[in-house]
Amino acid sequence: MSIPTIAVDQIHPHPHNVRRDLGDLTELAASIRAVGLLQPLVVAQSGTGWVVVDGHRRLAAAKLIGAKSLPCLALSSRMASASHVAVMLAAAMHKALGPVEQAAAFQALRDTGMTITEISQRTGYAASTITGRLLLRTLPGDVTEMVVKKEMTVAEATALARELHDKSVAIAERRAPRSTWFTARHCLADVAAAACTPVHHANRSMVGGVACGQCWERAIRDDQDTYHAPVGGV
């Protein structure tokens with residue numbers, strides 16, 4: 001089967017690629033030089049060029065040897081939507097990603113509006129593993145670097161993230177009087193507001209001038225799922 005090629009200078013890394021380190025590309029580059037690229041890239045159109053959905057290491061290795069064009073499988077416009085691209089990125093997480101990289105990928109899926117249950121169903125990861133990785137996203141950068149460098153275990157980092165979150169919520173609740181619980185001063189106000197669409201504004205009652213009751217409830221439930229569900233796979 002003939003697979004169409006795309007000029008390398010028109011192919012770019014995906015801006016949401018979760019791999020922080022592509023690793024040693026020497027052997028892969030040598031293989032591509034000797035026998036060509038055996039597994040085509042998966043790409044999606046972006047402006048006048050293309051972004052990689054699967055194959056960042058292959059693209060980088062091909063650039064090392066000065067390849068001019070590469071075989072590519074292009075997603076249809078329907079499949080290139082943000083949610084479908086995010087799901088394909090999640091599938092790539094099984095390729096030896098570290099816990100911090102997995103956390104970034106899970107967050108990318110959450111940002112598309114997917115719940116933890118939906119992410120689990122689409123990627124095959126246990127909900128408890130997803131919950132644990134998302135907790136890592138709340139830690140300061142220097143702490144996550146300790147996880148990357150294996151100076152702190154994932155279990156230790158997860159426990160620290162949960163402890164810090166519980167303390168910050170407790171402090172916020174002590175400082176805020178009841179009258180401000182469901183207003184812009186609530187610690188989850190930004191999350192609820194981001195989920196609330198103009199359609200909601202027109203058809204639902206707004207609470208605290210921030211979001212509808214359903215979006216407030218989802219924000220609170222998601223927060224509980226993320227920070228208080230049992231954590232496994234660490």
Side-chain angles (χ1 to χ4, degrees), residues 1-116 118-126 129-130 133-134 136-137 141 144-145 147-150 154 233:
M1 180 179 66
S2 176
I3 297 176
T5 62
I6 297 176
V8 169
D9 60 7
Q10 294 182 17
I11 308 172
H12 311 287
H14 197 286
H16 295 141
N17 179 35
V18 296
R19 294 198 70 156
R20 297 170 46 148
D21 183 2
L22 296 180
D24 186 358
L25 301 172
T26 305
E27 290 187 2
L28 180 56
S31 173
I32 294 174
R33 185 191 298 277
V35 299
L37 188 63
L38 300 180
Q39 182 180 357
L41 307 181
V42 178
V43 298
Q45 194 155 20
S46 177
T48 59
W50 301 84
V51 292
V52 177
V53 175
D54 183 56
H56 286 86
R57 294 190 79 250
R58 279 165 275 155
L59 174 62
K63 287 182 176 180
L64 284 179
I65 63 171
K68 300 301 181 183
S69 62
L70 295 171
C72 297
L73 299 177
L75 297 179
S76 67
S77 57
R78 179 181 67 83
M79 282 294 293
S81 66
S83 61
H84 286 91
V85 170
V87 170
M88 294 197 71
L89 287 173
M93 289 194 302
H94 291 276
K95 299 177 181 178
L97 293 186
V100 174
E101 293 172 324
Q102 288 179 336
F106 287 136
Q107 186 62 57
L109 295 179
R110 293 286 282 133
D111 291 343
T112 69
M114 293 176 68
T115 65
I116 291 175
E118 290 170 339
I119 295 172
S120 177
Q121 293 171 344
R122 298 298 289 272
T123 66
Y125 281 89
T129 298
I130 298 168
R133 297 299 184 263
L134 287 173
L136 300 181
R137 297 285 294 174
T144 56
E145 280 301 316
V147 177
V148 172
K149 296 176 181 178
K150 297 183 179 181
V154 177

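- The two residues P40 and R58 make their nearest non-hydrogen contact at O-NH1, 2.8 Å.
- Distance check, rounded to the nearest 0.5 Å: CG of L38 to OG of S31 gives 6.0 Å.
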Could you walk me through whether L41 and L59 pass side chain to side chain contact (heavy atoms under 4.5 Å, CB included), step by step?
CA-CA 8 Å; L41 307 181; L59 174 62; 4.3 Å; yes
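- Among all heavy-atom pairs drawn from A61 and I32, the shortest one is CB-CD1, 3.9 Å.
- The CD atom of Q10 lies 9.0 Å from the CH2 atom of W50; values are rounded to the nearest 0.5 Å.
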As a quick check of understanding, evaluate side chain to side chain contact (heavy atoms under 4.5 Å, CB included) for V154 and R133, giving each step before the final call.
CA-CA 9 Å; V154 177; R133 297 299 184 263; 3.5 Å; yes
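- Residues V147 and P99 approach most closely at CG1-CG, 4.0 Å, considering heavy atoms.
- Between the OG1 atom of T115 and the CD atom of Q121 there is a distance of 7.0 Å, given to the nearest 0.5 Å.
- Here NE2 of H56 is found 12.5 Å from CG of L25. Values are rounded to the nearest 0.5 Å.
- Distance CZ/R110 to CD/E118: 9.0 Å, rounded to 0.5 Å.
- Annotation: side chain to side chain contact (heavy atoms under 4.5 Å, CB included) contacts of A126 (sequence neighbours excluded): S128, T129.
- Nearest heavy-atom pair across S69 and V8 is N-CG2, 3.7 Å.
- Looking at heavy atoms from C-beta onward, Q107 lies in side-chain contact with L134 at the 4.5 angstrom threshold.
- Of all heavy-atom pairs spanning I11 and C72, the tightest one is CD1-SG, 3.8 Å.
- With contacts defined as side-chain heavy-atom distances shorter than 4.5 Å, the pair D54/Q39 qualifies.
- Contact detail for R57 and D24: the closest heavy-atom pair is NH2-O, 2.9 Å.
- Residue F106 forms a side chain to side chain contact (heavy atoms under 4.5 Å, CB included) with just one option from I130, L136, I116, and that option is I130.
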